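Here the structure is a predicted model, which is why all the values come from computation and not from measurement.
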Amino acid sequence: MGVSIVIPAYNAESTLGRCLEACLAQTHPDVEVIVVDDGSTDGTASVAQSYPVRCLRQENRGPAAARNLGAQAAAGDIIAFTDADCISEPDWIARLVAAFDEGVVGVGGTYAIANSEHPLARIIHAEIIDRHARFGDDVDFLGSFNVAYRKDAFDAAGGFDETFRIASAEDNDLAYRLQDRGGRLRFVPEARVAHRHPSRLREYLRTQFRHGYWRMRLYAKHPGRLRGDRYATFADLAAVPVALATLTAAAAAALSAAFSPRIGSILATVALSLLVVYLLVYGPMQIRIWRRTRDVSVAAFLPTAFLRDIARALGMLRGLGALRSRRREEM
């Protein structure tokens with residue numbers, strides 16, 4: 001079964017070489033590699049051209065559009081996607097292909113970690129692995145960093161929605177549409193690609209703000225998915241506004257205590273109650289990842305998750321405002 005690996009790349013000259021070397025070293029016998037340069041301003045195209053791969057170029061339109069362009073040029077019956085900063089294991093494609101049973105239109109795998117020297121990266125990775133651990137064989141979401149689709153099913157679904165301009169929620173959207181068409185998605189944890197997770201808190205929170213912003217477009221398009229999916233449950237989604245409400249109530253309690261101790265006390269109780277709710281959602285995960293890793297740095301998971309969810313909540317508020325503005329313009 002022929003496989004086309006499509007890699008969207010934007011200003012990826014520092015990571016693309018290792019990504020391509022890993023893709024060209026796959027054990028599966030029939031693989032082509034396609035790089036789509038998404039309007040890079042660095043040496044991404046030069047790096048791609050130094051390897052025996054196909055290199056396409058487009059004006060900067062985002063990874064969804066870049067993947068679609070690569071898929072259009074693909075010769076394989078299966079189209080696999082990964083990112084320019086990922087390093088696939090040699091049997092990555094072979095393990096994905098082996099899982100395509102009758103009715104399965106998409107197969108995805110998990111992460112290994114490429115920058116384990118950074119505590120924040122280890123925390124982020126530990127959470128992802130915990131979430132993937134609760135997946136079964138059949139799932140309702142696959143991430144575009146490590147996924148393969150039958151080309152005919154991908155084309156019939158219309159590929160990735162190019163209105164998702166950055167790497168956030170476009171993979172959820174495609175997974176949901178494929179399922180709505182009756183397709184099955186399968187998870188293979190043995191299929192791994194190593195990835196460099198954010199190592200600086202500011203970078204991570206900025207990414208999570210964007211994640212929240214684009215989530216609002218996703219849920220406007222798929223309102224039934226507000227119940228969550230296998231990766232992010234309804235409790236996970238509810239924890240986002242709870243985190244922001246906790247911070248807001250705590251700040252209001254501190255401000256009001258000076259002129260109205262009674263109101264300050266009430267608000268402090270509200271903040272504490274909300275914090276307890278938040279801990280009920282993520283406390284069990286904190287315990288699980290500690291038991292699995294015994295890594296001292298993961299003790300910071302809860303405060304990191306709390307800040308992450310505040311950033312997401314702020315992004316969602318901005319995304320909601322953008323949706324309302326767009327709808328008013330369309331009226």
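- Within a 6.0 Å sphere centred on CD of Glu59, other residues, nucleotides and ligands contribute 12 heavy atoms or fewer.
- Considering all non-hydrogen atoms of both residues, Ile113 and Ala121 come closest at CD1-O, 3.6 Å.
- Residue His132 holds its NE2 atom at 7.5 Å from OH of Tyr111, rounded to the nearest 0.5 Å.
- When only modelled atom types and interatomic distance are considered, Tyr10 and Asp37 share no side-chain donor-acceptor pair under 3.5 Å.
- Here the closest heavy-atom approach between residue Leu120 and residue Leu201 is recorded as CD2-N, 3.5 Å.
- Side-chain heavy atoms closer than 4.5 Å link hydrophobic residues (I, L, V, M, F, W, Y) into clusters, and following such links, possibly through other members, connects Val139 to Tyr149.
- Using cut-offs of 30° and 60° on the angle between ring planes, the pair Phe141 and Tyr231 is tilted.
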Practice item. Go through the steps to decide whether Leu226 and Phe234 satisfy the test side-chain contact (heavy atoms from CB on, under 4.5 Å), and finish with yes or no. Key: CA-CA 7 Å; Leu226 277 167; Phe234 179 77; 6.0 Å; no
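- Between Leu142 and the choices Asn172, Asp171, Val147, Leu174, the side chain to side chain contact (heavy atoms under 4.5 Å, CB included) rule is met once, by Val147.
- No more than 12 heavy atoms of other residues, nucleotides or ligands lie within 6.0 Å of CZ in Arg18, so this atom counts as exposed by the packing criterion.
- Checking Trp290 against Asp295 by side-chain atom types alone, no donor-acceptor pair falls below 3.5 Å.
- With rounding to the nearest 0.5 angstrom, the CZ atom of Arg206 is 5.5 Å from the CZ atom of Arg202.
- Atom-to-atom distance recorded for Arg200:CZ and His118:NE2 is 8.5 Å, nearest 0.5 angstrom.
- Note on Ile124: it does not cluster hydrophobically with Val281, by side-chain heavy-atom contacts below 4.5 Å among ILVMFWY residues.
- No salt bridge links Arg184 with Glu102; every basic N to acidic carboxylate O contact stays at or beyond 4.0 Å.
- Between Asp85 and Arg196 there is no salt bridge, since none of the side-chain N atoms of the basic residue sits less than 4.0 Å from a carboxylate O of the acidic one.
- Looking at Tyr278, its side chain does come within 3.5 Å of a backbone N or O of Phe306 through a donor-acceptor pair.
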Check your understanding: Yes or no on side-chain contact (heavy atoms from CB on, under 4.5 Å) for Ile34 and Ile5, after CA distance, side-chain angles and deciding distance?
Key -> CA-CA 6 Å; Ile34 302 172; Ile5 302 175; over 6 Å; no
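- Between atom CZ of residue Arg292 and atom CE of residue Met285 there is a gap of 9.0 Å, rounded to the nearest 0.5 Å.
- In this structure, the separation between OG on Ser199 and OH on Tyr204 is 13.0 Å, given to the nearest 0.5 Å.
- For Arg324, the CZ atom is loosely surrounded, since the number of other residues' heavy atoms within 6.0 Å does not exceed 12.
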Practice item. Dump the intermediate steps for side-chain contact (heavy atoms from CB on, under 4.5 Å) on Asp38 and Gln58, then the final yes or no. Key: CA-CA 5 Å; Asp38 185 28; Gln58 66 176 23; 2.8 Å; yes
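- A donor atom on one side chain and an acceptor atom on the other are not found under 3.5 Å apart for Asp83 and His195.
- Counting all heavy atoms, side chain and backbone alike, Cys23 lies closest to Gln26 at O-CG, 3.1 Å.
- Nearest heavy-atom pair across Ala80 and Ile93 is CB-CD1, 3.6 Å.
- Look at Arg122 and Glu127 and you find no salt bridge, because none of the NZ, NE, NH1 or NH2 atoms lies under 4.0 Å from a carboxylate O.
- Between Ile78 and the choices Arg150, His28, Lys151, the side chain to side chain contact (heavy atoms under 4.5 Å, CB included) rule is met once, by Arg150.
- For the pair Asp173 and Arg177, the salt-bridge criterion is met [side-chain N within less than 4.0 Å of a carboxylate O].
- For Thr293 (side chain) and Ile289 (main-chain N/O), a donor-acceptor pair under 3.5 Å exists by modelled atom type.
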Practice item. Apply side-chain contact (heavy atoms from CB on, under 4.5 Å) to Asn60 and Arg165, showing your working. Key: CA-CA 10 Å; Asn60 181 246; Arg165 289 278 299 175; 4.1 Å; yes
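- Aromatic ring pairs are classed by plane angle as parallel below 30°, tilted from 30° to 60° and perpendicular above 60°; the pair His125 and His197 is tilted.
- For Arg131, the CZ atom is densely surrounded, since the number of other residues' heavy atoms within 6.0 Å is greater than 12.
- Using a cutoff of 4.0 Å between basic side-chain nitrogens and carboxylate oxygens, Arg192 and Asp91 are not scored as salt-bridged.
- A donor-acceptor pair shorter than 3.5 Å cannot be found between the side chains of Asp140 and Gln179.
- A salt bridge is absent between Asp137 and Arg186: the closest approach of a Lys/Arg side-chain nitrogen to an acidic carboxylate oxygen does not fall below 4.0 angstrom.
- Relative to the six-membered ring of Tyr282, Arg308 meets both conditions, a distance below 6.0 Å and an angle of at most 45° to the axis.
- Taking hydrophobic clusters as Ile, Leu, Val, Met, Phe, Trp and Tyr residues chained together by side-chain heavy-atom distances below 4.5 Å, Phe81 shares a cluster with Val31.
- With hydrogens and angles disregarded, a donor-acceptor distance shorter than 3.5 Å links the side chain of Ser325 to the backbone of Gly321.
- Proximity of a side-chain donor or acceptor of Arg134 to a complementary backbone N or O of Arg230 within less than 3.5 Å is detected.
- Trp92 is listed as a side-chain neighbour of Asn146, based on a closest heavy-atom distance under 4.5 Å.
- Counted by atom type alone, Ser46 and Glu13 present zero donor-acceptor pairs between their side chains at under 3.5 Å.
- Linking Ile, Leu, Val, Met, Phe, Trp and Tyr whenever their side-chain heavy atoms come within less than 4.5 Å puts Val242 and Leu275 in one cluster.
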